[in-house]
Amino acid sequence: MSDKFREYKQLDLSQINKDVLKRWEEDDTFHKSISTREGNPTFVFYEGPPSANGMPGIHHVMARAIKDTFCRYKTMKGFRVHRKAGWDTHGLPVELSVEKSLGITKEDIGSKITVEEYNAACRREVMKYTKEWEELTRRMGYWVNMDDPYITYDNRYIESVWWLLKQLFDKGLLYKGYTIQPYSPAAGTGLSSHELNQPGCYREVKDTTAVAQFAVVRDEKSEFLYEGVDSPLYFLAWTTTPWTLPSNTALCVGPRITYVKVKSFNPYTGEPMTVILAKDLMSVHFNLNNADLSLDEYQPGDKKIPYQVLAEYTGEELAGVNYEQLINWVKPNGDAFRVITGDFVTTEDGTGIVHIAPTFGADDDRVAKQNGIAPLLVTDKEGKLQPLVDRKGRFYRLEDLDPAFVASNVNTDTYREFSGRYVKNEYDELLDASYSTVDVDIAVMLKKENKAFKVEKHEHSYPHCWRTDKPVLYYPLDSWFIRTTAVKDKLIALNNTINWKPQSTGTGRFGNWLENLVDWNLSRSRFWGTPLPIWRTEDGSQTKCFGSVEDLYAEIEKAVAAGVMSKNPYEGFVPGEYDKTNYEKIDLHRPYVDDIVLVADNGEKMFREPDLIDVWFDSGAMPYAQNHYPFENKERYQPAEGRGVFPADFIAEGVDQTRGWFFTLHAIATMIDESVAFRNIISNGLVLDKNGNKMSKRLGNAVDPFETIEQYGSDPLRWYMLTNSQPWDNLKFDVAGVDEVRRKFFGTLYNTYNFFALYANIDGFRFKEAEIPVSERPELDRWIISLLNSLIKEVGESLETYEPTRAGRAISEFVNENLSNWFVRLSRKRYWGGEYDTDKISAYQTLYTSLVTVAKLSAPLAPFYADLLYTDLNKLTGKEADQSVHLAEFPIADQSLIDKGLEQKMDIAQRASSMILGLRRKEKLKVRQPLAKIMVPVLNPRFREQFEAVENIILSEVNVKEVEYLTDTAGIIKKKIKPNFKTLGPKYGKIMKQIAASVSQFSQTDISELEKSGGYTLNIDDQTVALTTDDVEITTEDIPGWLVATEGEMTIALDIHVTEELKQEGIAREFINKIQNIRKESNFEVTDRVSLKIVKHDFYNEAVTHFRDYISSQTLAYDLILVDRLEDGLGTVVEIDQDIEACILVEKMG
RNA sequence: AGUCCCGUAGCUCAGCUGGUUAGAGCGCUACACUGAUAAUGUAGAGGUCCCCAGUUCAAAUCUGGGCGGGACUACCA
């Protein structure tokens, strides 16, 4: 082993990435970071499973950088961190990519290819990019346990999911209902939204539309509407599908929309009437030119129809009013014919009042359910509830309905005429386009009954079935649901206990989603996914749900015994044995489960409900299913406090998961355990390209994470992502930013380390000396140690509250501004030359401690370089017990070392120095030229005290000999006064402006009077204003006759007169500088000793002679001679002053 | 369409509970420094704090309404 700190020629973070990775793998550091925490409290992290059927992108680095940062931090805080990797393997994207690669469509499944072959293809497809994912995980330094990842298609995983479904089933939370889905009566099948988005599906068609009149029921709820009304009162609602009007059960208004009540006449019958519609749509339904016509002079049949606006109402006010059923064919069971409110209502077209037929519109269905409005259903011969239109697209034939239902609910007189008619003529092969449609006939009927306000043809776009070319209906189709609405309050209450980052996603996006919760539609009519473990008899009277393979197995055996099945397809499986091999003997996917026919208690056959479940249930089940709970690992769910794996302490994913994984985790945990699934959550924003556009492969603006890591290493990438903007804001990703981080932060940190290594190696510093008590160290050391402890505190608090951006920025500022730019710069002389004394040792110890602490603080964010820095430092000193920074303990701030007063003083020093350097540059006075003095006005003793404490630092930094403090008494200070708005504002309010004006008029005498007496009285608008010294800020801005700089409250003047003595010293320093440069250009070692020969010149002879010892000591010269001339070709010519050149020969000793 | 996020210098972002010269880094221009050197410092130019209204003595900050960008969820009379 080398006995020196490693010195680097250049910083190659990409290579460091590789070297450190190799070391981690050789040392098995990741597993050690867990095993060394054995027995400690756990910190549970849930990995949202990615789908490996796509390549990972740069945004995955973002989410994973966040995850990794907190898992590493918690490890350093001593927790045993659980983080099991997983794969999401089911779902539509997988199916689509299989269909693409096999060149088939959904229709071909079961004909061209068997379900079995198809699912086998899915199984292969889904793990296609596993290698790439693992490689990214490795190279970006994401530590997650990949030894035994959970895989959602695994039979054991599915079994846990089944178990969860069974719990819900037993609690009555799983039920069969319907959702409104696009349905093609011609094809007899539902269409997915994907199918509906095929090109050409939406076509412009001309349909008969109607504005119908819904008569208000006059009762106490509607009485307020009747003020000034002397004719029948109606709500107007428009529809493009009059065939849905018989199924109307509600009217929907926008709560904030303004509605008007208008007195007029029905254009078809001429009957007087009063109607309600949205104010914004008045002009569509009434000719504004007719506004002045007299209502009294109207005769039925007149072309011009007069009208009169009687009143205005908001939608909110109309809610709750009842109306009469428009078409009385069928009576609904339940609450109906009421005005409700919905946010989706607009005033773009129609009347601003939406006709609601819950059985034929998705919005309708949802808003009806939320308001407790019943759908209009009929009972068929089998006793099943059905919409008024059957699956062929016809109004139900009377003979197909349950006679008892017909007797009680159906008005056969009016319905008979329409019974059995297709709602779209296209569905009836026998009809041509000329035949009148149901829409027209209903419209005509309404006109006759004085219920139609307007009937007209209207062109709009309407979806069509891609296979039959015929129009699609929105139609209720069977679906299994989870009754999440039943636990809504619990979901909300538990959500309020979760720490969301940012909070707004939790209260806003997620909170609002919970407030408007509808039941979770679990069904998917697909092939590759977790099958519903539910078997039913054909009539639906008997249902069985299975929560384990064991139960299903037993039931199969029963069926075999009953002769329903010939043999058990899961033969060979041993119920109750949970090892992998046993579970590999079976397959719980389709088509295998579909072949299982069971026998009900009454002897009837039971068939599996053909649906799969929503893949989001798969991933939301991972807290349980990742460990095959409750079949295995049961004890880890009922552990001593803080030792289990549920719930998670922390999760992090993109904000797009709010209604996805975040919800399903939360919902399942709430329903199963009445617990949150996660306690803290970061939902990060998107990664956009540098122009703020979404990244996509198609546009070619996607950034390849592998290339970026290869070029820069993952540390700068991670650091950039975490610190450039808050993770929950969108990140405009620009590689130039990554490069900047590399240069600014890692470059500076690396330089600081290299500086340390260079001198520590020269002086043989190994941190073998006893640590010098901080109180005995020089002020500069105590200052950086104070800041360091403040930093530890801030970084610790930031990470504790899940604020990685704050943490990273604080570290970066400390390293750049304080450690490198101030501490090291001012300390350079202490390391360079001189004795190996206490001051020097203190300088080394302080810098060493700062660096090793920075390594620990940065380790969660920048795991590679931090570990290299840590090990490089520790290798020689052995000060740290752990072989990797990731095994080390996170630093704890020592409050007693934080000295705010000292931090303030140093802040004065920094500001003063930069002001003086600014003045020098204005006067073109090189820093090498010493100057005599600065003058500082002091207005209070405290400031003087602070300034004096750092006086020497300032003087040496700016190369000035002394400070002169100017007090008031000298009479040469000019003061400025400014009111303190913060104290005066609340006291005097309105006259504040006038106070400010008077104060700014103060003369020097006024100011000193105020200062002397501590108060001053003003009279403004007869009001007495008593100013105290706290109410004003007094500063100086000018010292007449001097070169002055002012910043905030500090003013400094610089004496720019250069005496002969100062001039000579300046020349000496100029020589030192030039000689050092020559040494460096000659590639001498820092420690080489030299001899110097300088060719005489009258300009500097005296200065060189006078400062010979000084020059020699600084340049390590044992000899300095002024010579008349040097041999030709020897020596270097440098410029010492304007037009003054010197020839210098620097020779290395023997 | 709804919900949520964002809008401050050419670019990326700070600016907490309102307080009077709105900051930093990058970039640009000029200059300086120099045994940390593919580093560093100083200065300069660069702002209708998206717009409008309100509250207030005082608004980048609080309220309301727009506009623009983005995400999710919906697809509708």
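Just so it is clear, the structure is predicted and the values come from calculations on it, not from any experiment. Within every chain, numbering begins at 1; the chains are lettered A, B, ... in the order of the sequence lines, protein sequences first and strands thereafter.
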- prompt: What is the nucleic acid contact for A:Tyr753, judged by heavy atoms within less than 4.0 Å: base, sugar-phosphate only, or nothing?
  reply: nothing
message: Tell me the interatomic distance from A:Ile762, atom CD1, to B:A36, atom P, rounded to whole angstroms.
response: 10 Å
statement: Pairing partner of B:U56, by Watson-Crick or G-U wobble and under 3.5 Å for both distances, is none
- line: A:Asn821 atom CG is separated from B:U40 atom C1', nearest whole Å, by 7 Å
- request: Would you check if the side chain of A:Tyr753 reaches a backbone N or O of A:Leu869 as a donor-acceptor pair within less than 3.5 Å?
  value: no
message: When the P atoms of B:G15 and B:C6 are compared, how many Å lie between them, rounded to an integer?
response: 11 Å
- prompt: Around A:Glu7, counting heavy atoms of other residues, nucleotides and ligands shown, do more than 12 lie under 6.0 Å from its CD?
  reply: yes
- prompt: A:Tyr831 and A:Phe756: aromatic ring centres closer than 6.0 Å?
  reply: no
- request: Find the distance between CG (A:Leu749) and CZ (A:Phe814) and round it off to the nearest 0.5 Å.
  value: 10.0 Å
field: Candidate nucleotides B:A36, B:C26, B:C13, ranked by approach to the side chain of A:Asn724 - the nearest
entry: B:C13
Rounded interatomic separation in angstrom, taking CH2 from A:Trp513 and P from B:A74: 7 Å
task: Provide the Watson-Crick or G-U wobble partner of B:A43, both distances under 3.5 Å; none if there is no partner.
output: B:U29
statement: Rounded to whole Å, CG of A:Asn730 lies from P of B:G68 at a distance of 18 Å
field: Rounded P spacing from B:G27 to B:A71 in Å
entry: 31 Å
message: Does A:Thr240 reach a base, just sugar-phosphate, or nothing at all? Heavy atoms under 4.0 Å.
response: sugar-phosphate
task: Could you give the distance separating B:U55 and B:U63 at their C1' atoms, to the nearest angstrom?
output: 7 Å
message: Between B:A30 and B:G19, how far apart are the two C1' atoms, rounded to whole Å?
response: 37 Å
Residue met sooner reading RNA chain B from 5', once A:Thr723 and A:Gly747 are mapped to nucleotides: A:Thr723
- prompt: What is the base-pairing partner of B:U3, counting Watson-Crick and G-U wobble geometry with both distances under 3.5 Å?
  reply: B:A71
message: Between A:Lys732 and B:U12, is there a contact of a side-chain N or O with OP1 or OP2 at under 4.0 Å?
response: yes
task: Report the base-pairing partner of B:U61 (Watson-Crick or G-U wobble, both distances below 3.5 angstrom), or none.
output: none
- request: Return yes if the base of B:A36 and the side-chain atoms of A:Arg828 contain a donor-acceptor N/O pair under 3.5 Å, otherwise no.
  value: yes
field: Pair assignment for B:U12, Watson-Crick or G-U wobble, requiring both distances under 3.5 Å
entry: B:A24
- request: Have a look at A:Asn751 and say if it touches a base, only the backbone sugar-phosphate, or nothing, with a 4.0 Å heavy-atom cut-off.
  value: base
message: If I pick the C1' atom on B:U48 and the same atom on B:C67, what distance separates them, to the nearest angstrom?
response: 16 Å
- prompt: Separation of A:Asp364 atom CG from B:A74 atom P, in whole Å?
  reply: 16 Å
task: Classify the nucleic acid contact of A:Gln726 as base, sugar-phosphate or nothing, counting any heavy atom under 4.0 Å across all strands shown.
output: sugar-phosphate
Inter-nucleotide C1' distance (B:C4, B:U12), Å rounded: 23 Å
query: In whole angstrom, what separates A:Trp719's CH2 from B:C26's C1'?
result: 18 Å
- request: Could you tell me whether the phosphate oxygens of B:A36, OP1 or OP2, come under 4.0 Å of any side-chain nitrogen or oxygen in A:Tyr759?
  value: yes
message: Rounded to whole Å, please give me the gap between OH in A:Tyr720 and P in B:G25.
response: 18 Å
message: Would the base of B:A36 count as contacting A:Ser820 through its side chain, where contact means a donor and an acceptor less than 3.5 Å apart?
response: yes
- request: Pick the C1' atom in B:A59 and in B:G54, then give their distance to the nearest Å.
  value: 11 Å
- prompt: Taking A:Ser812 for the side chain and A:Phe745 for the main chain, is one N or O donor matched with an acceptor at less than 3.5 Å?
  reply: no
- request: Can you tell me, in whole Å, how much space there is between the C1' of B:G47 and that of B:A22?
  value: 9 Å
message: Under 4.0 Å, counting only non-hydrogen atoms across every strand here, what does A:Arg743 touch: a base, just sugar-phosphate, or nothing?
response: sugar-phosphate
statement: Testing B:A38, B:U3, B:A14 for proximity to the side chain of A:Asn512, the answer is B:U3
field: Salt bridge A:Glu1070-A:Lys1074, side-chain N to carboxylate O under 4.0 Å
entry: yes
- request: Calculate the interatomic distance between A:Glu817 atom CD and B:G25 atom C1'; express it in whole Å.
  value: 9 Å
- prompt: Counting N and O atoms only, with roles assigned by atom type, does the side chain of A:Arg742 sit under 3.5 Å from a partner on the main chain of A:Pro716, one being a donor and the other an acceptor?
  reply: no
message: What's the closest nucleotide to the side chain of A:Arg809 if the choices are B:G19, B:C75, B:C13?
response: B:C13
- prompt: Which residue lies toward the 5' end of RNA chain B, A:Thr239 or A:Glu740, if each is placed at its nearest nucleotide?
  reply: A:Glu740
statement: Test side-chain hydrogen bond (donor to acceptor under 3.5 Å, both in side chains), reference A:Tyr8, set A:Asn754, A:Asp872, A:Asn751, output is A:Asp872
